[in-house]
J.: 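The structure follows.
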Amino acid sequence: RKYVESGIQIQVPNELFTFDEKDFNTRFDGSEDIAKEVMSYFMESYPKDIIQIRNAVTSKDLQKIIETTHYFKGSCAYLSGKRAVWVLNQMMDLAKKQDIEQMDIYQHMLEHEVSELAKRVKEYQNEYSNR
C-alpha cells in the first residue's frame, strides 16, 4: 500500500528493474542454452498470456484473473522481470479480495511493463548472441 497514492495513481516501485540482468545471469550461470530457451519461450508466449489476462479482466472473472496472473507471474519471475511481477502480485491480491475497481488500471500497467520487458529481453538476446 505504501506505493499506492491516493486516488487512482498507482506507481511501480522505482527500485525494481524491468529486466534484472544480474539476477537473470545469476540464475542461469553456466546454463546458456537454458537461458536462451527461457528467453525464446517468453518472447513467443507472452502475447497469448497477456490476451488471457485481458480477457479475464474484461469479463471480471476473479478466479480466472487469479489463475492467469499466477501462471504469468511465474514466467516473468523466471525471466527476472521484477516490475511486471510486482504488477501481477497487485492484480492477484485485488482479485483475492474481490476488488475489481482498479483492475483495468493494473491491467494497462501490466501491458506496458511487459512490453518494456520484451524490449529489454530482445536487446539482451541480441547482446547475448554477439558474445
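Values below: every heavy atom of this structure, side chains too, minus hydrogens, waters and symmetry copies. For the single chain, residues carry numbers from 1 onward in sequence order.
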J.: Can you measure from CG (Leu94) to CE (Met103) and round to the nearest 0.5 angstrom?
T.: 5.0 Å
J.: For the CD atom of Gln107 and the CG atom of Leu88, what is their distance to the nearest 0.5 Å?
T.: 11.0 Å
J.: Do Phe19 and Phe28 share a hydrophobic cluster (ILVMFWY, side-chain heavy atoms under 4.5 Å, transitive)?
T.: yes
J.: Is Arg120 close to Glu21 at the side-chain level, that is, under 4.5 Å between some pair of heavy atoms?
T.: yes
J.: Can you confirm whether Phe17 is buried at CZ, in the sense that more than 12 heavy atoms of other residues, nucleotides or ligands lie under 6.0 Å from that atom?
T.: no
J.: Could you measure the distance from the CG atom of Leu117 to the OG atom of Ser75? Nearest 0.5 Å is fine.
T.: 10.5 Å
J.: Within the 4.5 Å heavy-atom criterion, are Phe24 and Val121 side-chain neighbours or not?
T.: no
J.: Under the side-chain hydrogen bond (donor to acceptor under 3.5 Å, both in side chains) rule, collect the residues that match up with Lys122, sequence neighbours excluded.
T.: none
J.: Side-chain heavy atoms nearer than 4.5 Å, only ILVMFWY residues, links allowed to pass through others: does that put Ile105 and Val85 together?
T.: no
J.: Do Tyr124 and Leu16 belong together in a cluster built from hydrophobic side chains that touch within less than 4.5 Å?
T.: yes
J.: Got a second to check how far Ile100's CD1 is from Ser59's OG, nearest 0.5 Å?
T.: 8.0 Å
J.: Return the minimal non-hydrogen interatomic distance between Leu110 and Met91, and the atom names on each side.
T.: CD2-SD, 4.0 Å
J.: For the NZ atom of Lys96 and the NE2 atom of His70, what is their distance to the nearest 0.5 Å?
T.: 8.0 Å
J.: Using the salt bridge (Lys or Arg N to Asp or Glu O under 4.0 Å) criterion, which residues pair with Asp23? Sequence neighbours excluded.
T.: Arg27, Lys82
J.: For Lys73, give me all partners under side-chain hydrogen bond (donor to acceptor under 3.5 Å, both in side chains), at least two apart in sequence or on another chain.
T.: Asn89
J.: Name the atoms and distances for all side-chain donor-acceptor pairs under 3.5 Å in residues 49-58, with sequence neighbours left out.
T.:
unit_1, atom_1, unit_2, atom_2, d
Arg54, NE, Glu111, OE2, 2.9
Arg54, NH2, Glu111, OE1, 3.2
Arg54, NH2, Glu111, OE2, 3.3
Asn55, ND2, Ile51, O, 3.4
Thr58, OG1, Arg54, O, 2.9

J.: Kindly list each side-chain donor-acceptor pair under 3.5 angstrom involving residues 31-46, sequence neighbours excluded, with atom names and distances?
T.:
unit_1, atom_1, unit_2, atom_2, d
Ser40, OG, Lys36, O, 3.0
Tyr41, OH, Tyr71, OH, 3.4
Ser45, OG, Tyr41, O, 2.8

J.: Taking only residues two or more places apart in sequence or in another chain, which ones pass side-chain hydrogen bond (donor to acceptor under 3.5 Å, both in side chains) with Thr68?
T.: none
J.: Looking only at heavy atoms, which two atoms of Asn14 and Arg83 are closest? And how far apart?
T.: CA-NH1, 4.2 Å
J.: What heavy-atom pair brings Phe72 and Val114 nearest, and what distance separates the two atoms?
T.: CE2-CG2, 3.6 Å
J.: So Trp86 and Tyr106, would you call those rings parallel, tilted or perpendicular, with 30° and 60° as cut-offs?
T.: tilted
J.: Out of curiosity, Lys119 NZ to Glu116 CD, how far, rounded to the nearest 0.5 Å?
T.: 4.0 Å
